[in-house]
J.: 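One structure, pasted below without further comment.
Residue numbers start from 1 in every chain, and the chains themselves are labelled A, B, ... in the order their sequence lines are given, proteins ahead of strands. Given the structure is predicted, the values throughout are model-derived calculations rather than measurements.
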Amino acid sequence: MHETALAEGILRIATDAAANNNAARITEVGLIIGQMSGVETEALEFAFRFLAKGTLADGAQLVIERKPLVARCDRCGRQTHLSEYNFFCPECGGVLKIISGREMQVAYVEAD
Amino acid sequence: MEIEVMKDILGENDTVASENAAFFAAKKIFVLNIMGSPGSGKTTLLERTLELLADKLRIGVIEGDLFTAKDAARIEKHGAPVVQINTAGGCHLNAAMIRKALGKMDTDNLDVIIIENVGNLVCPAEFNLGETAKAVVLSVTEGEDKPMKYPLMFKEAAAAVINKTDLLPYVNFDRAAAEHDIAVLNPGINIFGASCTAVEKDDGIEAWCMWIEENYRKVSENFSARQE
């Protein structure tokens with residue numbers, strides 16, 4: 001449901017960037033979304049398509065790069081890709097701190 | 001042309017959240033954002049908390065709700081100052097809503113503000129409000145699989161309350177499994193059991209209230225330390 005709020009944020013960032021670069025039309029917006037971010041891609045695309053109507057981003061595609069969840073042990077320093085949400089280090093039992101996988105960013109805007 | 005951007009989608013919310021956080025720190029207020037499913041017992045927990053802490057802390061409440069003021073009316077009966085935010089269908093509170101609500105509160109005379117977020121296990125976790133800590137309420141009727149199904153909320157929380165423990169004999173809820181999943185998701189999280197309506201009160205609710213008191217003390221001591 002909060003995908004509408006996210007789509008509003010994306011649209012604002014993208015249209016500001018395009019306007020600052022005197023672009024007339026946005027064709028593509030590149031996003032980085034972490035694996036552990038609560039984002040439903042289809043809902044986000046739907047909300048964005050709807051909100052973008054009549055703006056510089058009308059008809060623009062969202063291109064989403066998913067970032068895997070990576071954490072580092074605060075005891076032994078080992079980095080681990082997490083597929084399950086167990087934040088204890090498999091090596092030493094220390095606590096894993098997230099270093100990527102929580103991103104929700106606009107990376108780039110492709111514009112004419 | 002390709003324009004490099006690299007901006008956080010919720011950057012605007014985060015900016016307002018930081019301003020809220022600075023405001024709370026300056027006023028020495030401990031702010032707790034309570035999240036959880038609709039019906040998990042957030043308001044009832046809040047009512048019990050207000051009862052138990054009434055003589056110890058000055059607590060204000062911000063109530064998030066889609067449309068109604070039903071929860072705010074319940075809180076008012078306990079004599080706590082309460083501000084209602086109606087999100088008009090919005091599934092979460094955001095930092096700007098909190099900033100606006102603060103304008104209606106006498107923040108010079110509060111030790112703690114408890115924010116009851118909109119009932120929802122997904123969206124509120126993504127929106128920082130500038131709170132000092134988040135807590136999540138999970139009731140035993142929801143099932144022990146919820147922490148792993150909705151990991152973000154349990155990851156973000158400093159405390160989890162397993163609520164309605166008086167119903168454990170009647171439901172299929174593996175409390176040990178739930179506590180295990182919450183603990184591996186979020187090592188160091190404080191887990192409390194609570195039964196807010198039963199005649200035999202769960203001790204956990206007193207521990208929960210002590211946790212709030214401790215956090216308030218930390219907030220006010222940190223402030224004093226900075227002033228020295």
J.: Looking only at heavy atoms and a cut-off of under 4.5 Å, which of A:Val95, A:Asn21, A:Leu31 has the most pairs with chain B?
T.: A:Asn21
J.: What option among B:Glu4, B:Met148, B:Met6, B:Met153 has the most heavy-atom pairs under 4.5 Å with chain A?
T.: B:Met6
J.: Heavy-atom cut-off 4.5 Å, strictly under: side chain, backbone, both or neither for A:Thr27 against chain B?
T.: neither
J.: What part of A:Leu82 gets within 4.5 angstrom of chain B, counting heavy atoms only: side chain, backbone, both, or neither?
T.: neither
J.: Mark yes or no for whether A:Glu103, through its side chain, and A:Gly101, through its backbone, hold a donor-acceptor pair below 3.5 Å.
T.: yes
J.: Could you tell me whether A:Phe50 atom CZ has more than 12 heavy atoms of other residues or ligands within 6.0 Å of it?
T.: no
J.: Specify whether B:Phe127 and B:His92 have parallel, tilted or perpendicular ring planes, treating 30° as the upper limit for parallel and 60° as the lower limit for perpendicular.
T.: parallel
J.: Do the charged groups of A:Glu45 and A:Arg49 touch, with an N to O distance under 4.0 Å?
T.: no
J.: Less than 3.5 Å apart, which donor and acceptor atoms pair up between the side chains of residues 12-20 of chain A and the rest of the protein, not counting sequence neighbours?
T.:
| from | atom 1 | to | atom 2 | distance (Å) |
| --- | --- | --- | --- | --- |
| A:Arg12 | NH1 | B:Glu12 | OE1 | 2.9 |
| A:Arg12 | NH1 | B:Glu12 | OE2 | 3.1 |
| A:Thr15 | OG1 | A:Leu11 | O | 2.7 |
| A:Thr15 | OG1 | A:Arg12 | O | 3.3 |
| A:Asn20 | ND2 | A:Asp16 | O | 3.3 |

J.: In terms of heavy-atom proximity below 4.5 Å to chain B, should A:Ala7 be classed as side chain, backbone, both, or neither?
T.: neither
